[in-house]
Protein chains: 2
Amino acid sequence: MRRLAADLDTGPASLYVYFQNAAVLHARVLDELLEAVESNLTSAGSSWSDDLVDLLSSYTTILIEYPDLAKSALVTRPSGTNYLTLVEHILKLLREGAIPDSHAAWGVDLLLLFATSIALEHGTRMAMAGIENDGNELRSALENANGDTYPSIAALGADLLSGSPEDKYKWHVRAILSGIGATPREGDVPLEDDSRA
Amino acid sequence: MRRLAADLDTGPASLYVYFQNAAVLHARVLDELLEAVESNLTSAGSSWSDDLVDLLSSYTTILIEYPDLAKSALVTRPSGTNYLTLVEHILKLLREGAIPDSHAAWGVDLLLLFATSIALEHGTRMAMAGIENDGNELRSALENANGDTYPSIAALGADLLSGSPEDKYKWHVRAILSGIGATPREGDVPLEDDSRA
DNA sequence: ACCTGAACACCGTTCAAGT
DNA sequence: ACCTGAACACCGTTCAAGT
């Protein structure tokens with residue numbers, strides 16, 4: 001609020017003439033930024049799931065630059081036209097993937113929650129870079145975990161810390177996609193049923 | 001920092017004698033709170049996936065009371081013994097579910113990211129309850145979405161907004177579980193292979 | 001050596017006062 | 001009527017000064 005106000009050569013109070021509060025302002029700014037989501041797409045059409053990974057990556061990449069907006073988006077879902085366009089695009093790809101409608105309806109939430117959280121996580125981490133890189137705390141805790149009290153952790157060992165963020169991101173999205181396709185919701189018609197009453 | 005310092009009848013500066021910064025203090029407090037995760041479990045053993053839903057619910061329930069700690073946990077993974085115990089418990093249940101180790105290794109991250117994000121989302125939303133409930137913004141945007149520009153949104157209609165948070169939470173966890181079980185990682189041995197070189 | 005009062009550099013929001 | 005300076009009520013962090 002104060003930085004934007006300063007950029008506009010006025011006091012922060014003036015912004016409250018146009019925006020109810022900081023959350024509303026954030027939502028508006030975010031929706032403006034989301035116009036870039038579609039234009040940042042790279043792969044374009046090898047498969048519906050690749051497209052979905054690409055689409056969400058584009059969204060995350062934008063949000064990662066603005067962790068405060070990611071936090072806002074997580075708590076108060078945006079409602080602008082560009083956000084709706086993103087939801088529409090996700091749903092379109094899920095239908096291409098033959099995901100049942102009822103699964104897709106609850107699946108979009110999960111996909112966007114994931115993409116937003118990752119942006120918040122990494123964006124905030126980057127914003128406090130250098131100050132103190134305590135990312136190694138958990139790392140060493142896992143490496144030195146006692147095999148008697150933590151047998152499963154010890155069994156997995158280095159695998160718990162393996163992989164680049166990008167590879168994990170992609171695998172996580174694919175896992176979510178696979179899950180929302182395969183996980184039954186109450187009211188689902190069983191697969192082999194020919195739907196006679 | 002300031003509230004805790006006031007409770008201890010001193011200035012905020014004193015805390016810096018014992019904690020490097022606010023993030024470190026948060027991590028320590030959180031790990032203390034996580035001792036309650038195991039004792040809050042309810043269902044106990046109908047199936048590994050039910051147990052996993054229950055375990056993560058317990059974690060989320062605790063974190064939802066302290067959104068600031070949830071934010072901290074999202075950005076800087078805790079590394080205390082109670083957090084390790086939680087990770088161990090999750091891994092144990094995933095092994096019970098016959099999830100391949102390499103999938104479990106990347107799956108814990110996703111499960112904990114989800115549980116933490118939901119706590120941050122709902123916790124923050126509760127903390128600003130009453131002030132302005134603009135949760136209906138997206139709701140009405142989705143309901144009034146033009147069927148020509150947003151065909152998939154219009155096709156799904158009310159289903160996009162259906163379901164209680166609890167039902168969605170459980171379904172989301174189950175979807176993630178299903179996905180991490182079924183999504184191949186590079187290096188996976190194909191199922192029908194009898195592993196002769 | 002160990003602790004801390006006071007100050008610094010920030011926030012978002014409100015409201016009386018100015019044009 | 002529309003805008004805003006100044007103040008209010010908060011943050012986390014630092015550092016010189018006190019015991």
Side-chain angles (χ1 to χ4, degrees), chain A residues 1-33 63-80 116 119-135 137, chain B residues 1-33 63-80 116 119-135 137:
Chain A
M1 300 299 274
R2 296 182 99 95
R3 265 230 301 267
L4 175 59
D7 281 8
L8 297 169
D9 285 315
T10 181
S14 307
L15 297 175
Y16 288 82
V17 177
Y18 306 99
F19 304 99
Q20 223 167 68
N21 52 43
V24 171
L25 191 159
H26 280 157
R28 290 283 291 273
V29 171
L30 175 56
D31 202 71
E32 222 60 47
L33 289 171
L63 265 188
I64 219 167
E65 300 281 337
Y66 309 92
D68 290 355
L69 296 185
K71 170 91 192 291
S72 260
L74 191 71
V75 175
T76 316
R77 262 40 179 284
S79 56
T116 307
L120 176 54
E121 177 187 350
H122 287 96
T124 310
R125 212 170 291 180
M126 282 172 60
M128 41 182 228
I131 298 174
E132 195 66 31
N133 47 340
D134 20 43
E137 290 268 334
Chain B
M1 300 301 272
R2 297 183 98 94
R3 267 230 301 267
L4 175 59
D7 281 9
L8 296 169
D9 286 316
T10 182
S14 308
L15 298 175
Y16 287 82
V17 177
Y18 305 99
F19 304 99
Q20 222 167 67
N21 53 42
V24 171
L25 191 158
H26 280 158
R28 290 284 290 272
V29 171
L30 175 57
D31 202 70
E32 223 59 47
L33 289 171
L63 223 49
I64 217 168
E65 300 280 337
Y66 309 92
D68 289 355
L69 296 186
K71 170 91 191 290
S72 259
L74 191 72
V75 175
T76 315
R77 264 34 179 291
S79 57
T116 308
L120 176 55
E121 176 188 351
H122 287 96
T124 310
R125 212 172 291 178
M126 283 173 58
M128 43 180 229
I131 299 173
E132 196 64 34
N133 47 340
D134 20 43
E137 290 268 334

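Quick caveat, the model's predicted, so the values are computed rather than measured. Naming: A, B, ... by sequence-line order, numbering from 1 per chain.
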What one should report as the nearest heavy-atom pair of A:Ser79 and B:Glu137 is OG-OE1, 3.5 Å
What is the nucleic acid contact for A:Tyr18, judged by heavy atoms within less than 4.0 Å: base, sugar-phosphate only, or nothing?
sugar-phosphate
Can you list the residues that meet the side chain to side chain contact (heavy atoms under 4.5 Å, CB included) rule with B:Phe19, with sequence neighbours excluded?
B:Val24, B:Leu25, B:Arg28
Measuring only the P atom in each nucleotide, how far is C:dC10 from D:dA9? A whole number of Å is fine.
22 Å
Under the side chain to side chain donor-acceptor pair (under 3.5 Å) test, which residues partner B:His122, sequence neighbours left out?
none
Note every stem involving DNA chain D: at least three consecutive Watson-Crick or G-U wobble pairs, i with j then i+1 with j-1, with both distances under 3.5 Å.
C:4-8 with D:12-16, C:12-16 with D:4-8
Scan nucleotides 6-19 of chain C nucleotide by nucleotide, 5' to 3', and note B when protein non-hydrogen atoms come under 4.0 Å of the base, S if they reach only the sugar-phosphate, - if neither.
BB---BBBBB----
Can you give me the closest heavy-atom contact between A:Thr116 and A:Ala70, atom names plus distance?
CG2-O, 3.4 Å
Whole-Å distance separating the CZ atom of A:Phe19 from the C1' atom of D:dC3
15 Å
Please list, chain by chain and in numerical order, all residues satisfying side chain to side chain contact (heavy atoms under 4.5 Å, CB included) with B:Thr124, sequence neighbours excluded.
A:Lys71, A:Val75, B:Pro67, B:Leu120
Least distance between heavy atoms, A:Ala119 atom then A:Leu63 atom
CB-CB, 3.5 Å
Qualifying side chain to side chain donor-acceptor pair (under 3.5 Å) pairs, either residue in residues 4-14 of chain A, two or more places apart:
A:Thr10-A:Ser14
Set of side chain to side chain contact (heavy atoms under 4.5 Å, CB included) partners for A:Ala27, sequence neighbours left out:
none
